[in-house]
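Quick note on labels: first sequence line is chain A, next is B, and so on, each numbered from 1.
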2 protein chains.
Amino acid sequence: MRRSDRLSEIIEIVQDGRLHLARDIAECLEVSVRTIYRDFDTLVASGVPIDGERGVGYMLREPVFLPPMNLSLVELEALHLGMAIVAEAADTELQVASASLAGKISKVATANGRVPKRWGFGVYPFVQAKLGFKHMPAIRKAVREQEKLEIDYRSLDSKASTRTILPLQIEYWGRVWTVSAWCEKREDFRAFRIDRIVTCALTGDHFEDEPGRTLEDYLERVNSDLTQTDKNY
Amino acid sequence: MRRSDRLSEIIEIVQDGRLHLARDIAECLEVSVRTIYRDFDTLVASGVPIDGERGVGYMLREPVFLPPMNLSLVELEALHLGMAIVAEAADTELQVASASLAGKISKVATANGRVPKRWGFGVYPFVQAKLGFKHMPAIRKAVREQEKLEIDYRSLDSKASTRTILPLQIEYWGRVWTVSAWCEKREDFRAFRIDRIVTCALTGDHFEDEPGRTLEDYLERVNSDLTQTDKNY
DNA sequence: GCTTCAACTGACAATTGCTGGCAGTTGAGT
DNA sequence: ACTCAACTGCCAGCAATTGTCAGTTGAAGC
């Protein structure tokens, strides 16, 4: 096995975000532990963010590692447009992230003479965009990790209610954001405008997909009855 | 110089999308030509899309090469949200590209156990989104490459006109797209709704930034007089 | 304070892989 | 037929990688 190949192998092994011992990796790749130590030196010298702690093991500092990739020019353009929109239309955390991502990509792709210096995408702020982002990060987390949420909601006709919901998807409507969820109170799907959620608490309760309550079920329902979703927010 | 470092060096050299001779690269990196041939073998074996043609030289097949990178989870999330929006709100070419990019990224980041299977972003179609995309690709190209455009425009009050414009920026307004440009006819900045451009031709004329006609000048103007832009479409 | 664990470091001999030079082949274009 | 430059195989020399061994270091637990 070539050394350069082994280095990629090591990255793939460490990529799961868990702790790894040099001993295990050495065994797995059939080289000596000493060699693994040297390999980690090389990787760190090349800028791969690996932390080694004495008596503990090795771990990737940044959760997501992207191996070398090839993009077409159009894909790169789509990425920059997407980041421009997100930088304008989403919550602060995502705004920062999109700017940072666009920066990272620009930096490494700039060397290429065929990449335009400027992408020329502008995005105009949406009137309601400033408000109602308070709970976005929490809701995004809940969607990602399938965690139940407890929310105080104030509907458009000003009726307040408290519910436990199983958030399935966040929707972007151009001016407002909604979260579609299974509502335990109503025992049905509901869509909530994020800017009208008063308080929002992560319960810590994980939920699994259950027949009749999945995102797919919801989307099917929406498709079969397009007016249905509009009623709830 | 370590071999693995030289391999990255070679990629950086070839990255400009132009043709390169093994001889030149060898000279630049101070190794023999034979070594360069071996290096290209290694790179190709590792999946870097390099084409070598006898009697011609070496070239990167895909225009943009992304070196290994590290992203935070939030950056990855921003990327997927951005791609979801672009997949819904932009022209066909960008739609395809955004889907393809999201797919590529998912594929290589899937191995990591900490990356969610599903991002849970939905984007609802905008009413006017279906129409008016006909000229988007051409306009995007013109903005990227600073090329003059000749357009037939039909303003909101149905007045038709033909103009030569220097497109500076494409703007996304949530429901409509506009292109801001220096208009040679009016000798001033104008913003045009893309869905109201009847015909649109790339002239092949390249233009450079000129004082008073740059994107920066335009943005300054817009900032100082917010109502100005709304008049023109 | 002692022990344990596993990351680290340094040294050295063995070996592997890389390198340069050379002589030739191949395929495309002129 | 000729040129160009990518490619291939071979070989000797050398530089990089490797395993072994014998340590040190820092954190955590007892």
CD (Glu53(A)) with more than 12 external heavy atoms under 6.0 Å: no
Report, as yes or no, whether the 6.0 Å neighbourhood of atom CD on Glu27(B) holds more than 12 heavy atoms from other residues, nucleotides or ligands. no
Base, sugar-phosphate, or nothing for Val31(B), non-hydrogen atoms under 4.0 angstrom? sugar-phosphate
Within the structure, does a side-chain N or O atom of [X] lie under 4.0 Å from either OP1 or OP2 of [N]?
X        : N       : result
Arg54(A) : dA27(D) : no
Tyr58(B) : dC7(D)  : yes
Thr35(B) : dG20(C) : yes
Arg23(B) : dA5(D)  : yes
Arg6(A)  : dT18(D) : yes
Tyr37(A) : dA7(C)  : yes

Please report, rounded to the nearest Å, how far the [atom2] atom of [N] is from the [atom1] atom of [X].
X        : N       : atom1 : atom2 : value
Leu29(B) : dC18(C) : CG    : P     : 16 Å
Arg2(A)  : dT16(C) : CZ    : C1'   : 14 Å
Arg34(B) : dT25(C) : CZ    : P     : 16 Å
Glu30(A) : dG19(D) : CD    : C1'   : 15 Å
Asp5(A)  : dT18(D) : CG    : C1'   : 17 Å
Arg38(B) : dA16(D) : CZ    : P     : 15 Å

Between Tyr58(A) and Phe40(A), is the gap from one ring center to the other below 6.0 Å? yes
Determine, for Arg118(B) against Glu216(A), whether the closest basic-nitrogen to carboxylate-oxygen distance falls under 4.0 angstrom. yes
Ring-plane angle category for Trp177(A) and Phe133(A), please: parallel below 30°, perpendicular beyond 60°, tilted otherwise. perpendicular
On DNA chain C, nearest-nucleotide positions of Met1(A) versus Gly57(A): which is more 5'? Gly57(A)
Assert: residue with more 5' nearest nucleotide on DNA chain C, out of Glu53(B) and Gly52(A), is Gly52(A)
Ranking dG10(C), dC10(D), dA6(C) by distance to the side chain of Leu21(A), first place goes to dA6(C)
Between Val33(A) and Val56(A), just flag the one whose closest nucleotide in DNA chain D comes earlier from the 5' side. Val33(A)
